[in-house]
There are 2 protein chains.
Amino acid sequence: MVTIKQVAELAGVSFKTVARVVNKEPGVKASNVEKVEDAIAKLGYRPNKAASLIRKKQSDIIGFISDEISTTPASVAILKGAQDMAWEQGKTLMVFNLDLKHPNKDKLYEECLQHRSEGIIYGAMYHQSVEFSELFKTLPTVLVNCVSAQNDFTSIVPDDELAGYYVTKQLLYKGYRRIAFLNLNPEIMAAQQRQQGFLKAMQEYGIPEEQWHIDTIEKVVEGRTVNIAGEVAKQVIQEFKPDAVLCGKDLAAIKVYLVLERLGLTIGKDIGVASFDNWHDIPEILEPQLSTMALPYYEMGRMAVAQVLGLITNKNKAHQPTHYKVPCLLFDRESF
Amino acid sequence: MVTIKQVAELAGVSFKTVARVVNKEPGVKASNVEKVEDAIAKLGYRPNKAASLIRKKQSDIIGFISDEISTTPASVAILKGAQDMAWEQGKTLMVFNLDLKHPNKDKLYEECLQHRSEGIIYGAMYHQSVEFSELFKTLPTVLVNCVSAQNDFTSIVPDDELAGYYVTKQLLYKGYRRIAFLNLNPEIMAAQQRQQGFLKAMQEYGIPEEQWHIDTIEKVVEGRTVNIAGEVAKQVIQEFKPDAVLCGKDLAAIKVYLVLERLGLTIGKDIGVASFDNWHDIPEILEPQLSTMALPYYEMGRMAVAQVLGLITNKNKAHQPTHYKVPCLLFDRESF
DNA sequence: CACAAGAATGACAACGTTGTAAAAATGATT
DNA sequence: AATCATTTTTACAACGTTGTCATTCTTGTG
């Protein structure tokens, strides 16, 4: 690779002058700027970030560690948001994926440390509580889509309770009175919080207990999550006979749509359907289009970077970890 | 950050001895190894990769540039595959996303160059032809899920023609004789190649032209791709009355399922449905489960890294760019 | 006990940058 | 033309490593 000294030689100036031109520092004669820029172009010189890092002690790198995040479509948006924000702030994201074969967070953290990452973002696939070792205290660290078991890290999660509350209120507002909530696996934090919101809305409207039904569309068998949305949907719709179904995720809503089609019920008229996710293309491909609570993943990714940059700048100041709950947006389409 | 010299001081040896321990070089007395390791643990020392890079002139970084890839669920697997392979080979992936706001490939390539990336992978969201500037010739570069307009880069794409051929053959083999192919936007390379495969299979079976029907589920309106799978599916099924429907993507298959449910047709019995993608959870959530041609994204990601590493090692040798077509696998479930 | 051979260690340059301070060139003023 | 202030340029140390080579310490042998 061509170095700053080679450029200097070709341009006939000292290498420091070249450095000034490269870093747009003032105090270089116009004629020299031109000579240097010509030489740079001719040789195809690019500054070596690594060299600059050792000297400046600033890497401009943010580590992004994800627990399998990048295989799950919805939360990929977190990464995208983080990427965008990082780029806007002149930072580079270094992405590492945890997976079943390498479930060792600490090893990836070490990797980030060796690259002199200035801060770390840890992102989870679904809203959950995660255990972290002391190692994670080394650098400014922000959690996204999860919280730590000890609540000792700044975290950014969707406001699932508010989301559950809001969508239920909307259903009630539109006149639905007999609602089936087909929730996610209740071990998931998101499921619990949404359920709280759901119940709160129900109570506020004074809906008696026999007017709603909560069921789960996921079963955990030997550690693996099994989807049983199909059977549950069919059974609940036929036996409980709700006038609206609230689904834990858009994928489950597909199931509900299929069941309702078979039964000849018209969605949005005979029965309302709502859901959570706003998962890439699915709500729009369904007919009628699915009204669903969008999880603000992209925005959360952006916030994570913003927060971690904040922590980096205020590194020395003591601070309390903050827990951000990002509101979810209802995409109000045609299904209820 | 703590440096090798601080470790040396605490351990009471020269910093060179510490370096030897860190890099597991031979020729250090056991007692000193222990002293050094203690000091490292006590101070929390981690080698500075940037410093090592300048000296060794080896960054172990591979740049991954994607055109919006990471927002699209299916092809995220490319990234995951690349990530895994890179990690196994002791390399670090540096991921950059192109998007509508920053559609400048060259700028991201520059970024990779500044990090002294050893090679570049360019990944596309869907199988297509892309234009590259001369800049992309700077480093060993491999394209994944796309080819260059001039065919002058090593590329890795799914074998869409074979996939189209194979799935059609399977349909025919199982006795379906009146097949509707609801293809993707015909401007997409994948659509064209699959159609060729489809036609080849039809000809080999000697199926007359009036026995099949090809239609498109996407329309391009003012540069944006609009999904019209719903209308097309309804119309084609009712008018052409196929005994099997081959969908361009799993999302479109959802539409077809809904139409068939409404018509009261039993999928896998009255009518067969096949598709392309094997898109995360969708085929399995449908009932009956969708038989679909899986696009080998994960494997392609792995191959891309493997190829780029090959190019890096043989950098000096002249080579012809190779074009790999990765076979797709039929996930044979219950829908035909 | 002297010596050689081999093992272990250390001193120091080098990598490509940035930062600091001193030197040189330029221009304005007398 | 001499002086001074200002602008521009250069020389060189520093960053945290690795690589080279010289030095010191062990150990075994005669």
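Below, chain A is the first sequence line, B the second, and so on; all start at residue 1.
Applying the salt bridge (charged side-chain N to carboxylate O under 4.0 Å, His left out) definition to pairs two or more places apart or across chains, those involving residues 300-309 of chain B are E88(B)-R302(B). Residue pairs satisfying the salt bridge (charged side-chain N to carboxylate O under 4.0 Å, His left out) criterion with at least one member in residues 38-53 of chain B, sequence neighbours excluded, are listed as follows: E110(A)-R46(B), E111(A)-K49(B). Counting only residues at least two apart or on different chains, the salt bridge (charged side-chain N to carboxylate O under 4.0 Å, His left out) pairs with a member in residues 136-147 of chain A are E134(A)-K137(A), K137(A)-D152(A). For the salt bridge (charged side-chain N to carboxylate O under 4.0 Å, His left out) condition, no pair includes a residue of residues 15-34 of chain B, sequence neighbours left out.
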Under 3.5 Å donor-acceptor pairs involving side-chain atoms of residues 123-130 of chain B, not counting sequence neighbours:
from    : atom 1 : to      : atom 2 : distance (Å)
H127(B) : ND1    : D160(B) : OD2    : 2.7
Q128(B) : NE2    : Y126(B) : O      : 2.8

What pairs of donor and acceptor atoms, side-chain ones from residues 309-316 of chain B against any protein atom, are under 3.5 angstrom apart with sequence neighbours left out?
from    : atom 1 : to      : atom 2 : distance (Å)
T313(B) : OG1    : L309(B) : O      : 2.6
T313(B) : OG1    : G310(B) : O      : 3.3
N314(B) : OD1    : K317(B) : NZ     : 3.3
N314(B) : ND2    : G310(B) : O      : 3.3

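Against DNA chain D, the stretch residues 33-42 of chain B makes no heavy-atom approach under 4.0 Å.
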Nucleotide N/O of nucleotides 13-20 of chain C paired with protein N/O under 3.5 Å:
from    : atom 1 : to     : atom 2 : distance (Å)
dA14(C) : N3     : R55(B) : NE     : 3.3
dA14(C) : N3     : R55(B) : NH1    : 3.2
dG16(C) : OP1    : K57(B) : NZ     : 2.7
dT17(C) : OP1    : Y45(A) : OH     : 2.9
dT17(C) : OP1    : N48(A) : N      : 3.1
dT17(C) : OP2    : I4(A)  : N      : 2.8
dT18(C) : OP1    : N23(A) : OD1    : 3.4
dT18(C) : OP1    : N23(A) : ND2    : 3.2
dT18(C) : OP2    : N23(A) : ND2    : 3.1
dT18(C) : O2     : R55(A) : NH1    : 2.3
dG19(C) : N7     : K16(A) : NZ     : 2.7

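Applying the ring pair (Phe, Tyr, Trp, His ring centres under 6.0 Å) test to F96(B) and every residue at least two apart in sequence or in another chain returns nothing.
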